[in-house]
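One structure is given here, and the rest of the page talks about it.
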Number of protein chains: 2
Amino acid sequence: MLMQNFNHSNAQGLPRTIPNRPGGAIEFLGMPKNFPCNAEIYGECEPAEYLYKIVSGTVKTYRVRIDGRRQIGGFYLPGDIFGVEVGEEHTFSAEAISDCQVLLINRRVIMARAACEPAVARELWALFGHESERMQHHILLLIRNAQERVASFLLEMAGPISKGSNIIKLPMTRRDIADYLGLTIETVCRTFANLEATAAIEVHSHRQIVLRNRSALRRLNG
Amino acid sequence: MLMQNFNHSNAQGLPRTIPNRPGGAIEFLGMPKNFPCNAEIYGECEPAEYLYKIVSGTVKTYRVRIDGRRQIGGFYLPGDIFGVEVGEEHTFSAEAISDCQVLLINRRVIMARAACEPAVARELWALFGHESERMQHHILLLIRNAQERVASFLLEMAGPISKGSNIIKLPMTRRDIADYLGLTIETVCRTFANLEATAAIEVHSHRQIVLRNRSALRRLNG
DNA sequence: CGATAATTTGATTTTTCTCAAGACGCGTGG
DNA sequence: CCACGCGTCTTGAGAAAAATCAAATTATCG
């Protein structure tokens with residue numbers, strides 16, 4: 001394992017808690033489980049038994065196409081819930097990209113609870129809304145050019161400005177970023193270099209980026 | 001109104017009915033309404049009062065970004081349900097691209113029914129699953145090259161092979177297609193021309209395409 | 001039939017990809 | 001502690017894809 005371990009959700013290592021993020025009532029039903037970096041959490045087409053809430057670490061979801069190209073569905077940080085499916089099977093695979101602790105929440109149990117507890121039902125509803133927003137955001141991302149995609153990605157990873165520092169620790173590889181943004185590794189690298197040249201960011205090390213000019217990034221973000 | 005009116009969902013003008021497509025029990029609660037071509041059905045950020053089921057005609061949903069670029073969310077044909085939202089507001093605008101008849105189904109009524117009728121609840125669930133699939137498909141579309149995107153679009157519009165003829169009537173403009181695929185109009189035109197040159201399709205008229213070689217398109221579709 | 005909008009085609013520029021080489025970081029074993 | 005090896009990352013040069021700008025053609029509607 002050559003990869004450095006990250007257990008931070010952001011610069012502070014604190015769970016990011018977006019206002020109205022769902023998951024409050026549901027998570028008490030979960031049992032914790034640990035996954036080492038690179039462990040598969042579930043595979044595409046497996047039955048969706050659980051919802052997963054991240055306590056620490058980072059997870060990616062992805063699909064591999066027949067021709068070998070890979071699409072990253074999303075990156076999930078502490079506080080995020082992944083594995084949300086409407087159907088009975090997972091449509092993506094999920095893999096830890098750092099050592100992780102995750103709460104496993106049984107889907108059947110949740111569904112049963114939702115039937116009698118309106119609060120649980122509302123939360124479940126909100127989870128779908130959240131996933132839906134995530135996908136719409138991803139679609140809007142993919143119709144833009146490389147600079148705009150990278151800027152959007154960095155702002156997404158940085159979280160809200162209220163969360164403090166501008167130092168982003170990236171737990172994922174350049175390949176993961178490229179496959180999330182629908183670009184090649186080289187284009188991601190060059191775009192980082194461009195953004196650095198225009199003083200919007202600073203590439204401190206491979207895995208650590210400093211935001212120097214958020215409004216420039218936001219301007220790109222559209 | 002310079003645009004020709006289309007009231008077909010596909011070559012046959014029949015509602016396309018994908019197996020397991022939801023909407024059976026819900027639609028009886030709807031009241032029909034007609035929209036002329038180019039009429040706005042609802043706008044982004046308006047409260048989501050209704051679900052909409054298309055009886056005849058075609059509808060597009062879209063968003064306009066600050067910089068004026070437009071993203072088409074999807075095209076909806078007879079039998080399709082659009083306007084499905086988890087939140088209280090529409091995240092896209094909807095517009096008729098041909099004269100349309102649409103069933104308006106009150107959201108509150110549906111929600112109330114869902115609470116007591118499991119069949120309605122299941123259907124509502126399935127609607128979200130369907131929208132979710134649609135978005136995932138769109139994401140996978142946008143990471144491909146122009147030929148693959150256009151091929152995928154044509155196969156989508158043609159519907160399953162079982163539905164018979166290979167003649168596709170396109171109710172949308174080239175601009176709509178381009179904005180759906182994240183390409184320019186010119187690239188869409190040229191790709192049509194390329195596909196015609198390789199005998200995969202035949203551009204009969206602006207709005208009528210004949211599929212000459214589905215397996216070639218499917219090969220592109222990945 | 002003429003006006004207007006939509007579509008197609010061409011020439012050129014810009015963007016991104018591909019292929020290739022070199023640099024860097026990290027862990028291992030001497 | 002340092003050298004080595006391996007995988008990741010960066011940079012460069014050239015090719016390919018798509019966008020842009022411009023002009024010509026076709027469709028549609030009054």
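Note on naming: letters A, B, ... go to the chains in the order of the sequence lines (proteins, then strands), and numbering restarts at 1 for each one.
In this entry the distance linking CG of Leu170(A) with P of dC9(D) reads 10 Å, nearest Å. When the P atom of dT9(C) is taken as reference, atom CD1 of Ile185(B) falls 14 Å away, rounded to whole Å. The distance between atom CD1 of Ile143(A) and atom C1' of dA18(D), rounded to the nearest whole Å, is 15 Å. In this structure, Phe192(A) places its CZ atom 12 Å from C1' of dT10(D), rounding to the nearest Å. Nucleotide dC9(D) holds its C1' atom 12 Å from the CZ atom of Arg175(A), rounded to whole Å. Per the geometry, CG belonging to Asp176(A) stands 12 Å off C1' belonging to dT8(D), to the nearest Å. Taking atom CG of Asn194(A) as the reference point, atom P of dG12(D) lies 11 Å away to the nearest angstrom. A straight line from NE2 of His206(B) to P of dA24(D) spans 18 Å, rounded to a whole angstrom.
If you check the side chains of Glu131(B) and Ser132(A), you find no donor sitting under 3.5 Å from an acceptor. Side-chain polar atoms of Glu40(B) and Ser93(B) form no donor-acceptor pair below 3.5 angstrom. Asn166(A) and Arg214(A) form a side-chain donor-acceptor contact under 3.5 Å, judged by distance and modelled atom types alone. Side chains of Tyr42(B) and Glu89(B): no donor on one and acceptor on the other come within 3.5 Å.
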Please list, pair by pair, any protein nitrogen or oxygen found under 3.5 Å from a nitrogen or oxygen in nucleotides 14-17 of chain C.
from    : atom 1 : to        : atom 2 : distance (Å)
dT16(C) : OP1    : Ala146(A) : N      : 2.7
dC17(C) : OP2    : Thr184(A) : N      : 3.4
dC17(C) : OP2    : Thr184(A) : OG1    : 3.2
dC17(C) : OP2    : Thr187(A) : OG1    : 2.5

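Judged by the 6.0 Å distance and 45° axis criteria, Arg70(B) is not positioned over the aromatic ring of Tyr180(B). Both tests do not hold together for Arg107(A) against Tyr50(A): distance to the six-membered ring centre under 6.0 Å, angle to the ring axis within 45°.
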Using residues 189-198 of chain A as the side-chain source, report each donor-acceptor pair under 3.5 Å to any protein atom, sequence neighbours left out, with the distance given to one decimal.
from      : atom 1 : to        : atom 2 : distance (Å)
Thr191(A) : OG1    : Thr187(A) : O      : 2.6
Glu196(A) : OE2    : Val203(A) : N      : 2.9
Thr198(A) : OG1    : Asn194(A) : O      : 3.3
Thr198(A) : OG1    : Leu195(A) : O      : 3.1

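Taking the charged nitrogens against the carboxylate oxygens, Arg134(A) and Glu156(A) have no contact shorter than 4.0 Å, which rules out a salt bridge.
Other residues, nucleotides and ligands contribute at most 12 non-hydrogen atoms within 6.0 Å of the NE2 atom of His204(A).
Against DNA chain D, the stretch residues 61-71 of chain B makes no heavy-atom approach under 4.0 Å.
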